[in-house]
Amino acid sequence: MADAKVIPFDDDRSRGSRGAGSRRRGSAAEPAPVGEGPVGEVQPLPVRGAAAQDPAPEPEEPDESPGARPAAEGGGEDGGLERRVAAGLSFLRRRLTGDYEVDDFGYDAELTDQVLMSLLRPMYEKYFRVEVKGVENIPAQGGALIVANHSGTLPLDGLMMQVAVHDHHPADRHLRLLAADLVFVLPVVNELARKLGHTLACAEDAERLLAQGELVGVMPEGFKGIGKPFGERYKLQRFGRGGFVSTALRQGVPIVPCSIVGAEEIYPMIGNSKTLARLLGFPYFPLTPTFPWLGPLGAVPLPTKWTIQFGEPIPTDSHAPEAAEDPVLMFNLTDQVREQIQHTLYKLLVQRRSVFF
């Protein structure tokens with residue numbers, strides 16, 4: 001039987017029949033059978049860049065799209081829902097067991113962030129559609145006193161200002177409002193106000209909060225501003241005796257003027273029943289086009305468009321604490337703050353296209 005002739009796979013003839021761009025899969029030529037030499041010497045293919053070698057497999061890039069998160073991260077929307085449910089149950093457990101903290105004034109930061117602000121936010125964003133300007137004028141740290149105009153028959157302007165600072169300030173600051181005595185004698189309202197961080201409008205409480213580096217809000221017009229007739233809308237009332245200026249001077253904190261447009265029209269006050277006010281112990285009893293004629297439905301505020309603008313801070317640290325006893329300085333600073341708020345109100349009213357849009 002004639003000897004078989006071994007034809008190597010990498011012979012020049014077979015190589016010539018391949019495409020020039022094909023890759024080499026083996027690392028050596030087929031060995032010849034024992035006892036027989038190779039018919040011809042096998043030459044390796046010339047290396048042509050990286051095509052001569054199989055590239056190492058590259059690791060696959062993880063898919064970062066929201067719908068392709070790994071199951072280990074919570075399984076997408078189901079995982080997010082589970083986390084929210086777990087957080088809610090944990091919150092309820094702490095509430096039921098009393099495992100939460102409040103400060104000396106009754107402020108409950110956790111309840112405010114997770115519940116109370118969430119309840120106020122739809123009114124702030126969807127109903128009044130509040131536009132905030134100049135929030136960067138509020139200091140990022142340390143004490144400061146925000147002084148705002150007061151209007152609207154019911155004190156919703158203070159709550160909306162509190163949400164504005166909470167949601168828009170880059171340092172996530174909380175505003176501690178000074179409220180009238182009436183707030184703290186009303187059932188339910190008293191407890192909620194304390195939880196939100198409100199405290200009595202007195203110099204002692206204000207100075208304690210400012211000394212702790214808190215952001216404090218005050219509306220010096222008081223009931224004179226919130227209960228004024230609709231015909232006097234956006235005309236600032238007297239700013240008391242300048243007690244807020246004295247507090248700021250003693251603590252050396254800046255005063256930030258704040259102007260609020262839109263609150264005046266939510267309950268257009270066309271009358272005041274002083275008899276009912278005396279019987280109920282209220283400073284005024286408002287009569288509006290809808291209240292009390294429509295009953296509870298008349299208590300629904302009109303959906304006006306709001307603007308809240310924080311002005312440039314007025315520094316007080318250049319004065320000594322004893323300057324708080326100087327009546328001339330107190331009068332000048334009080335007038336400066338009031339005039340700045342009034343001027344900004346007029347400017348915002350000129351820029352406003354409509355009460356409701």
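- Within the 4.5 Å cutoff, side-chain heavy atoms of Asn272 are placed close to those of Met269.
- Note that CD of Gln336 is 11.0 Å distant from CD1 of Ile341, once rounded to the nearest 0.5 Å.
- One hydrophobic cluster, built from ILVMFWY side chains closer than 4.5 Å, cannot hold both Leu333 and Phe310; they sit in different ones.
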Hey, can you pull the donor-acceptor pairs under 3.5 Å for the side chains in residues 277-297, sequence neighbours left out?
from	atom 1	to	atom 2	distance (Å)
Tyr284	OH	Thr153	O	2.5
Thr288	OG1	Thr290	N	3.2
Thr288	OG1	Thr290	OG1	3.4
Thr288	OG1	Phe291	N	2.9
Thr290	OG1	Gly298	O	3.1
Trp293	NE1	Thr288	O	2.7

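- In this structure, Asn137 contributes its side chain and Pro313 its backbone to no donor-acceptor pair below 3.5 Å.
- Looking at heavy atoms from C-beta onward, Asp167 lies in side-chain contact with Arg121 at the 4.5 angstrom threshold.
- If you take NZ on Lys133 and SG on Cys258, they are separated by 12.5 Å, rounding to the nearest 0.5 Å.
- Residues forming a salt bridge (Lys or Arg N to Asp or Glu O under 4.0 Å) with Arg338 (at least two apart in sequence, or on another chain): none.
- Remark: Leu156 CG to Ile266 CD1 distance equals 4.5 Å, nearest 0.5 Å.
- Taking CE of Met219 as the start and CG of Asn149 as the end, the distance is 7.0 Å to the nearest 0.5 Å.
- Between Lys126 and Arg129 the shortest heavy-atom distance is O-CG, 3.6 Å.
- Remark: side-chain polar atoms of Thr247 are paired, donor with acceptor, to backbone N or O of Gly243 under 3.5 angstrom.
- Here the side chains of Val300 and Tyr127 are in contact, with some heavy-atom distance below 4.5 Å.
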For residues 158-166, run the donor-acceptor check on the side chains, cut-off 3.5 Å, and write out each pair with its distance to 0.1 Å, sequence neighbours left out.
from	atom 1	to	atom 2	distance (Å)
Gln162	OE1	His198	NE2	2.9
Gln162	NE2	Leu175	O	3.1
Gln162	NE2	Leu196	O	2.8
His166	NE2	Asp113	OD1	2.8

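- Summarising the geometry of Ala148 relative to Ile260, their closest heavy-atom pair is CB-CD1, 4.3 Å, with the distance given to 0.1 Å.
- Rounding to the nearest 0.5 Å gives a distance of 6.5 Å between CG of Leu192 and CG of Leu116.
- Nearest approach of Gln237 to Lys228, heavy atoms of both residues: NE2-CD, 3.6 Å.
- If you take CD on Glu232 and CD on Glu264, they are separated by 9.5 Å, rounding to the nearest 0.5 Å.
- Looking at residues two or more places apart in sequence or on another chain, you find a side-chain hydrogen bond (donor to acceptor under 3.5 Å, both in side chains) between Asp157 and His150.
- Transitive grouping of hydrophobic side chains (ILVMFWY, heavy atoms separated by less than 4.5 Å) brings Leu329 and Ile255 into a common cluster.
- No donor-acceptor pair under 3.5 Å is formed between the side chain of Glu207 and the backbone N or O of Asp205.
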Please step through side-chain contact (heavy atoms from CB on, under 4.5 Å) for the pair Arg238 and Arg241, ending with a clear verdict.
CA-CA 8 Å; Arg238 181 170 167 266; Arg241 291 171 292 181; 3.6 Å; yes
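- Taking each heavy atom of Leu249 and Ala323 in turn, the nearest pair found is CD1-O, 3.9 Å.
- Annotation: side-chain hydrogen bond (donor to acceptor under 3.5 Å, both in side chains) contacts of Asp181 (sequence neighbours excluded): none.
- Legend: salt bridge (Lys or Arg N to Asp or Glu O under 4.0 Å) pairs involving residues 136-150, not counting sequence neighbours: none detected.
- You'll find the side chain of Arg84 reaches within 4.5 Å of the side chain of Leu81, heavy atoms only.
- Listed by chain and number, the residues in a salt bridge (Lys or Arg N to Asp or Glu O under 4.0 Å) with Glu221 amount to none (sequence neighbours excluded).
- When the side chains of ILVMFWY residues are joined at heavy-atom separations under 4.5 Å, either directly or via intervening members, Leu177 and Val147 end up in two distinct hydrophobic clusters.
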Which is it for Asn190 and Val185 under the side-chain contact (heavy atoms from CB on, under 4.5 Å) test, yes or no, and what are the steps along the way?
CA-CA 6 Å; Asn190 167 35; Val185 299; over 6 Å; no
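- The two residues Ile226 and Pro155 make their nearest non-hydrogen contact at CD1-N, 3.3 Å.
- Tyr124 is linked by a side-chain hydrogen bond (donor to acceptor under 3.5 Å, both in side chains) to His168, counting only residues two or more places apart in sequence or in another chain.
- The two residues Leu210 and Leu145 come nearest to each other via the heavy atoms CD2-N, 4.4 Å.
- Here side chain to side chain donor-acceptor pair (under 3.5 Å) pairs that include residues 306-317, with residues two or more places apart or in two chains, are Thr304-Trp306.
- With sequence neighbours excluded, the residues satisfying salt bridge (Lys or Arg N to Asp or Glu O under 4.0 Å) with Glu131 are Lys305.
- Salt bridge present: Glu325 and Arg250 bring a charged side-chain N and a carboxylate O closer than 4.0 Å.
- Following chains of ILVMFWY side-chain contacts shorter than 4.5 Å, one cannot reach Leu178 starting from Phe184, and the two form parts of different hydrophobic clusters.
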Distance-only check: which donor-acceptor pairs under 3.5 Å involve side-chain atoms of residues 96-108, not counting sequence neighbours?
from	atom 1	to	atom 2	distance (Å)
Thr97	OG1	Arg93	O	2.8
Asp103	OD1	Phe105	N	2.9
Asp103	OD1	Gly106	N	3.0
Asp103	OD1	Tyr107	N	2.8
Asp103	OD2	Arg176	NH1	3.2
Asp103	OD2	Arg176	NH2	2.9
Asp104	OD2	Arg208	NH2	3.4
Tyr107	OH	His174	ND1	2.9
Asp108	OD1	Arg95	NH2	3.2
Asp108	OD1	Glu110	N	3.4
Asp108	OD1	Leu111	N	3.1
Asp108	OD2	Arg95	NH1	2.7
Asp108	OD2	Arg95	NH2	3.0

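- Taking the side chain as every heavy atom from C-beta outward, Val256 and Pro139 approach each other to under 4.5 Å.
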Expected list for residues 344-357: side-chain donor-acceptor pairs under 3.5 angstrom, two or more places apart:
from	atom 1	to	atom 2	distance (Å)
Thr344	OG1	Gln340	O	2.9
Arg352	NH2	Glu265	OE2	3.2
Ser354	OG	Phe356	N	3.2

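- The side-chain heavy atoms of Pro301 and Tyr267, taken from C-beta on, include a pair separated by under 4.5 Å.
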Full working for side-chain contact (heavy atoms from CB on, under 4.5 Å) between Arg94 and Ser90
CA-CA 6 Å; Arg94 291 193 297 273; Ser90 177; 2.7 Å; yes
Go through the steps to decide whether Val328 and Asn332 satisfy the test side-chain contact (heavy atoms from CB on, under 4.5 Å), and finish with yes or no.
CA-CA 6 Å; Val328 176; Asn332 289 336; 3.7 Å; yes
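- Tracing side-chain contacts under 4.5 Å through hydrophobic residues (I, L, V, M, F, W, Y), one reaches Phe223 starting from Val183; they form part of the same cluster.
- Using a 4.5 Å cut-off on side-chain heavy atoms (C-beta onward), Ile138 and Ile146 make contact.
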